[in-house]
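All remarks here apply to the structure that follows.
First listed ligand is number 1; within each ligand, the first listed atom is number 1. Count residues from 1 along the sequence.
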Amino acid sequence: MTDNPTLVQADSPEARRYNRIKRWLGIADFAVAFLFLVVLLVTGWSGWLRDLAYRMGSGNYSLSVFMYLLLLLVISKALSIGLDYYGFRLERQYKLSTQRFRAWAWDEVKGFLVGLVLGSVVVELLYFTIRQWPQDWWVLAWLLFMVLFIVLAQLAPVVLFPIFYKFEPLENEDLRRRLVMLSQRAGTRVRGIYRWRLSEKSKKANAALTGLGATRRIILADTLLDNYTPEEIEAVLAHELGHHVHRHILKSILVQAVITFVGFWAANWTLHYAVDRQLFEFVQISDFANLPLLALVSIVLSFLLMPALNAYSRFNERQADRYAFESITSVEPFISSMNKLAEQNLAERAPSRWVEWFFHSHPSISRRLAAAEAWGRTQGATPHLN
Ligand SMILES: [Zn+2]
């Protein structure tokens, strides 16, 4: 148990340094992608790549679109692999990763292929609609994109995640019983709890609610299951159940729908603007050499919206935490699980205000602990289990 939960521990220099480097890595990654796209457009290299793709695709439009995407993805991977490798070394250096180089490299290959498959589906659909309906393509493309998004959200736990991790139904009877009780109290049901074999790659602990409909499930990392008390795991489960009860996945999809609608509108506007002004030598909007321009619209929009989306996510997390406080008998295990998580994941308990505002999808540990303690106080007795 924690010695004194009311005292927020200061972050170690190690945790601060690790998180600072990770943030800079993320920013560098974004900067590389942004500059790559700008350079492609400004230098006219995108047109050169398009001509090459046409030769590789023997003049067939769809095949050439695929070839162009393949070239783009290969070059951008070559540009970012150094940063990726640095990220891998960083996790090893801070003893957070248990992965060997070969396993990491294999994950990179798999990640690239998954990106290529998903990317091709999206890009082919995009240019198919652009070619058929040059004026109104974006509405249909948005609809198709949302369908794809929902299908993927449903398939992710059974198709995508298993490419990288192993999952098995949780055998622990005691925990299953606790979840059933929690669910009954909530008047809802989650299809299952799965043991997520995270320990093969990482020392960090994690848990999540994933999937849609029949694939809706809570996944709990083995690094958590094996090191936390049943009461602490129950607190984590209660938090994930909170996401389920408050329909956070559905709400996030709706938010996503609104954002991508605006995004597709902006993409269409930008493409027509570029063609009208003959920017970057684009003559028609179905010229797929304009893909970097579409990608730019998308990453700039995501960058600008990041603080808003993170604020929304933090709101959801606070809701899930509150749900957890209400459904467990004492907040003490919640507090101790948070402290354990912070230590295990080398998290910053109290990041600076602007870092939290811009980068964090979860409220800082110190805020979550303060909320738990405040809740504990309103419940009267100071919760102290020994
Ligand atoms: Zn959560």
Side-chain angles (χ1 to χ4, degrees), residues 19 153 156-157 160-161 165 167 170 175 178-179 182-183 185-186 188-196 198 202 204-212 215-225 227-228 231-256 306-328 331-351 355-375:
N19 284 285
L160 281 187
F161 302 164
Y165 295 99
F167 293 90
L170 191 70
L175 279 177
R178 282 170 193 264
L179 179 78
L182 281 173
S183 307
R185 222 174 301 160
T188 177
R189 204 167 67 93
V190 176
R191 312 270 164 177
I193 324 178
Y194 285 75
R195 184 184 172 87
W196 168 17
L198 185 59
S202 177
K204 291 180 176 175
N206 212 336
L209 173 74
T210 64
L212 273 183
T215 65
R216 171 63 50 89
R217 60 191 62 189
I218 290 174
I219 56 177
L220 292 170
D222 53 357
T223 43
L224 189 137
L225 285 167
N227 300 306
Y228 291 56
E231 289 75 23
E232 286 168 343
I233 299 171
E234 184 180 30
V236 173
L237 271 176
H239 169 94
E240 299 307 334
L241 199 64
H243 283 305
H244 174 71
V245 170
H246 287 290
R247 300 178 168 277
H248 285 157
I249 292 189
L250 184 70
K251 286 178 188 164
S252 300
I253 289 176
L254 291 177
V255 168
Q256 199 64 39
M306 206 156 98
L309 284 175
N310 277 336
Y312 174 64
S313 167
R314 289 194 300 271
F315 171 81
N316 286 347
E317 295 301 333
R318 282 196 298 272
Q319 230 174 16
D321 276 355
R322 220 153 34 233
Y323 181 86
F325 305 156
E326 287 165 12
S327 23
I328 52 185
V331 289
E332 183 78 0
F334 179 90
I335 291 171
S336 58
S337 71
M338 279 291 134
N339 278 316
K340 271 190 184 174
L341 271 172
E343 203 151 309
Q344 195 174 355
N345 294 357
L346 205 57
E348 267 177 314
R349 289 158 191 270
V355 162
E356 186 173 351
W357 175 76
F358 196 87
F359 291 101
H360 285 217
S361 60
H362 287 60
S364 66
I365 302 274
S366 62
R367 282 180 211 277
R368 296 177 79 177
L369 290 179
E373 281 158 19
W375 172 271

Main-chain N/O of Gly211 paired to Arg217 side chain as donor or acceptor, under 3.5 Å: no
Atom name, Glu317 (N, O or S, nearest to the Zn ion (ligand 1)): OE1
Any N, O or S atom of His243 closer than 2.8 Å to the Zn ion (ligand 1): yes
Test item: Asn345 side-chain N/O and Ala205 main-chain N/O as donor-acceptor pair under 3.5 Å: yes
Sidechain-backbone polar pair: Asn310 side chain, Phe358 backbone, donor-acceptor under 3.5 Å: yes
side-chain hydrogen bond (donor to acceptor under 3.5 Å, both in side chains), paired with His243, selected from His248, Lys251, Gln319: His248
Any N, O or S atom of Asp321 closer than 2.8 Å to the Zn ion (ligand 1): no
